[in-house]
Peer 1: 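What follows is a structure written as structure tokens; I'll ask about it next.
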Amino acid sequence: MTLFIAAAIFAACVGLRRYLDRPERTDREFGNGRIRLTALWNEGAAFSLPLKRGWVVLLSILILPFVWLFRRRSPLGAGLALGGGLSNLWERVRYGRVYDYVRFPKLPRLWRYVWNLADFAIVLGGTLLALLDRKK
């Protein structure tokens with residue numbers, strides 16, 4: 001189950017980036033400006049952490065196997081985190097940056113960040129891994 005979810009998330013991330021990363025696409029807002037689709041090629045790390053590309057790639061390569069080790073805790077959480085992590089790693093290795101496209105302009109503290117589907121999958125997967133334990 002974990003591998004299927006990871007593959008589905010990876011494919012969805014790649015497909016959505018290909019669809020959104022077009023020259024003719026323009027920014028759009030939804031929900032009275034609460035959600036904004038925009039385009040940003042992010043060369044830095046998540047949440048503007050001051051890490052160079054090489055460090056981000058290395059940390060990703062080191063962290064992803066640990067996610068796999070905890071897959072029994074939450075197969076869904078591990079699949080989401082692996083799929084999102086592999087997608088961002090793939091873009092960073094292939095393009096040297098990650099394509100982000102969702103912003104929440106009206107949310108306190110989060111308004112300045114731009115996200116992508118992989119980021120959402122990583123956050124949700126990590127939360128599920130931290131909160132759920134199937135061995136109870």
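Note that this is a predicted model, so its numbers are computed, not measured. No hydrogens, no waters, no symmetry mates; every other heavy atom, side chains included, goes into these values.
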Peer 1: Rounded to the nearest 0.5 Å, what's the gap from CG on Leu129 to CG on Leu124? Could you check?
Peer 2: 9.5 Å
Peer 1: Apply side-chain hydrogen bond (donor to acceptor under 3.5 Å, both in side chains) to Asn32 and list each qualifying residue two or more places apart in sequence or on a separate chain.
Peer 2: none
Peer 1: Can you tell me if Asn42 and Asn116 form a side-chain donor-acceptor pair at under 3.5 Å?
Peer 2: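 No, Asn116 and Asn42 have no side-chain donor paired with an acceptor closer than 3.5 Å.
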Peer 1: Can you check side-chain contact (heavy atoms from CB on, under 4.5 Å) on Tyr113 and Asp119, steps first, answer last?
Peer 2: CA-CA 11 Å; Tyr113 300 115; Asp119 298 333; over 6 Å; no
Peer 1: Enter the distance from Arg71:CZ to Leu76:CG here, rounded to the nearest 0.5 Å.
Peer 2: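 One finds 15.0 Å between CZ of Arg71 and CG of Leu76.
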Peer 1: Just do the side-chain contact (heavy atoms from CB on, under 4.5 Å) check on Arg25 and Leu20 with the steps written out, would you?
Peer 2: CA-CA 7 Å; Arg25 195 194 66 73; Leu20 291 173; 3.6 Å; yes
Peer 1: Enumerate the residue pairs fulfilling side-chain hydrogen bond (donor to acceptor under 3.5 Å, both in side chains) with a member in residues 4-13, sequence neighbours excluded, ordered by first and then second residue.
Peer 2: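 Not a single pair qualifies under side-chain hydrogen bond (donor to acceptor under 3.5 Å, both in side chains).
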Peer 1: Which distance, rounded to the nearest 0.5 Å, do you find between the CZ of Phe30 and the CG of Leu37?
Peer 2: 5.0 Å
Peer 1: Is atom CZ of Phe66 surrounded by more than 12 heavy atoms (other residues, nucleotides or ligands) closer than 6.0 Å?
Peer 2: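 Count not over threshold, so no.
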Peer 1: Taking a hydrophobic cluster as the set of Ile, Leu, Val, Met, Phe, Trp and Tyr residues connected by side-chain heavy atoms closer than 4.5 Å, whether directly or through intermediates, do Leu82 and Leu89 fall within one such cluster?
Peer 2: yes
Peer 1: Using modelled atom types and a 3.5 Å cut-off, is there a donor and acceptor pairing between side-chain atoms of Arg73 and backbone atoms of Phe70?
Peer 2: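 Pair absent, no side-chain N/O of Arg73 close to backbone of Phe70.
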Peer 1: Please name all residues satisfying side-chain hydrogen bond (donor to acceptor under 3.5 Å, both in side chains) with Thr127, sequence neighbours left out, ordered by chain then number.
Peer 2: none
Peer 1: Apply side-chain contact (heavy atoms from CB on, under 4.5 Å) to the pair Asp100 and Val98, showing each step before the final yes or no.
Peer 2: CA-CA 6 Å; Asp100 291 329; Val98 174; 3.8 Å; yes
Peer 1: Table please: side-chain donor-acceptor pairs of residues 7-19 below 3.5 Å, with sequence neighbours left out.
Peer 2:
| unit_1 | atom_1 | unit_2 | atom_2 | d |
| --- | --- | --- | --- | --- |
| Arg17 | NE | Glu91 | OE2 | 3.2 |
| Arg17 | NH2 | Tyr95 | OH | 2.9 |

Peer 1: Going hydrophobic residue to hydrophobic residue with side-chain gaps under 4.5 angstrom, can you get from Phe120 over to Leu40?
Peer 2: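 Different clusters: Phe120 never reaches Leu40 through Ile, Leu, Val, Met, Phe, Trp or Tyr contacts under 4.5 Å.
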Peer 1: How many angstroms lie between atom CZ of Arg28 and atom CD1 of Ile35, to the nearest 0.5 angstrom?
Peer 2: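 Spacing of CZ (Arg28) from CD1 (Ile35) equals 12.0 Å.
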Peer 1: Might you confirm whether atom CZ of Phe104 has over 12 heavy atoms from other residues, nucleotides or ligands at distances under 6.0 Å?
Peer 2: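 More than 12 within 6.0 Å, yes.
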Peer 1: In sequence, state the C-alpha distance, the side-chain angles, and the governing distance for Arg36 and Val102, and then conclude on side-chain contact (heavy atoms from CB on, under 4.5 Å).
Peer 2: CA-CA 6 Å; Arg36 181 180 179 105; Val102 178; over 6 Å; no
Peer 1: Would you mind listing the cluster partners of Ile122? Hydrophobic ones only (ILVMFWY), side-chain contacts under 4.5 Å, chaining allowed.
Peer 2: none
Peer 1: Can you name the side-chain hydrogen bond (donor to acceptor under 3.5 Å, both in side chains) partners of Arg103, sequence neighbours left out?
Peer 2: none
Peer 1: Return the orientation label for the Tyr101 and Tyr99 ring planes: parallel under 30°, perpendicular over 60°, tilted otherwise.
Peer 2: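 Tilted: the ring planes of Tyr101 and Tyr99 meet at 30° to 60°.
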Peer 1: What about Val114 and Val123, same hydrophobic cluster or not, with Ile/Leu/Val/Met/Phe/Trp/Tyr joined at side-chain heavy-atom distances under 4.5 Å?
Peer 2: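 Cluster IDs for Val114 and Val123 differ.
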